[in-house]
Amino acid sequence: GGGGAVELVAARVPVLADHPLVRGPRFKKLKIGAGHRLDVKASGVFVLGIGHGNKLLTDLHNCHLTKVYTVGGLFGKATDDFSDTGNLVEKTTFDHITREKLERILAVIQGTNQKALLTYSNIDMKTQEAYELAVKGLIRPMGKSPPIITAVRCLQFALPEFQLEIHCLHETQQYLRKMVHEIGLELKSSAVCTRVRRTRDGVFTVDDALPRTQWNLQSIQEAIRNCQLKVETELEKTLG
């Protein structure tokens with residue numbers, strides 16, 4: 001407050017591992033891996049692997065499981081990054097848009113992506129194998145493919161705002177924002193994405209997630225135990 005220079009002095013804190021009352025082997029490292037990532041403008045389920053769980057992350061990635069998002073949109077404007085926080089590019093009218101028109105566009109998107117799903121799954125749909133996989137819900141691309149929307153529906157509609165539920169594979173959050181932008185164009189208007197929230201990542205849902213206030217050893221151990229069975233079941237079903 002006096003306007004003088006502040007001098008920082010480094011302080012050495014004793015290492016508790018060297019304390020004579022601490023027993024057991026010294027802790028060395030704990031490997032933590034990230035599953036399907038979320039960008040800085042998205043929220044929701046973010047899966048982490050701890051220790052041996054990192055191999056399970058790789059196995060789950062090879063399962064190519066569906067992820068579910070709740071995506072918000074706002075008609076009437078367009079930005080350079082398709083989000084409501086980007087630089088404004090243009091404003092448009094939206095009074096002509098109805099829920100029925102929006103749902104027709106969503107049906108076209110879902111139909112087009114269903115064809116792509118069958119193409120990249122490399123399965124002959126006339127075979128017994130295709131029937132058995134369809135019954136188990138296992139028709140999915142088991143390799144690289146473009147982003148695929150397996151299902152999409154309108155949850156809320158109150159002009160100029162709307163909210164979608166999107167089931168998808170191999171997507172990015174930016175791809176979903178661009179999808180909102182393209183829906184606006186198809187409806188002879190424009191739209192920006194107001195939120196992207198992942199509610200499911202494969203077998204993991206929001207109910208499995210730990211809020212920041214529960215980031216402690218006991219809660220993490222309990223979360224691992226609760227999810228262990230369904231992870232093993234999914235891996236057995238998909239990868240055998």
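Each residue takes its place number in the sequence, starting with 1. Predicted, not measured: the structure shown is a model, and the values here were computed from it.
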Tell me yes or no: between the side chains of Ser145 and His170, is some donor less than 3.5 Å from an acceptor?
yes
Would you call Glu222 and Arg225 a salt bridge, taking side-chain N to carboxylate O under 4.0 Å as the test?
no
Crowded around Glu90 CD? As in, over 12 foreign heavy atoms under 6.0 Å?
yes
If only side-chain N and O atoms count, and only distance matters, is there a donor-acceptor pair under 3.5 Å linking Lys41 with Thr85?
yes
Heavy-atom count check: over 12 atoms from other residues, nucleotides or ligands less than 6.0 Å from His96 NE2?
yes
Tell me if a side-chain donor or acceptor on Gln174 pairs with a main-chain N or O of Asp39 at a distance below 3.5 Å.
no
Do the side-chain N and O atoms of Thr93 and Asp95 include a donor-acceptor pair separated by under 3.5 angstrom?
no
For Lys230, does the NZ atom sit with more than 12 other heavy atoms under 6.0 Å from it, leaving out its own atoms?
yes
Any Lys/Arg nitrogen of Lys67 or Glu171 sitting under 4.0 Å from an Asp/Glu carboxylate oxygen of the other?
yes
Quick check on Leu16: does its CG atom have over 12 non-hydrogen neighbours (other residues, nucleotides or ligands) under 6.0 Å away?
no
Does a donor on one side chain sit under 3.5 Å from an acceptor on the other, for Ser189 and Thr92?
yes
Run through His167, Gln173, Glu165, Arg197 and flag the one making a side chain to side chain donor-acceptor pair (under 3.5 Å) with Tyr69.
Gln173
Residues joined to Leu185 in its hydrophobic cluster, side chain to side chain under 4.5 Å directly or through other members, sorted by chain and number, are none
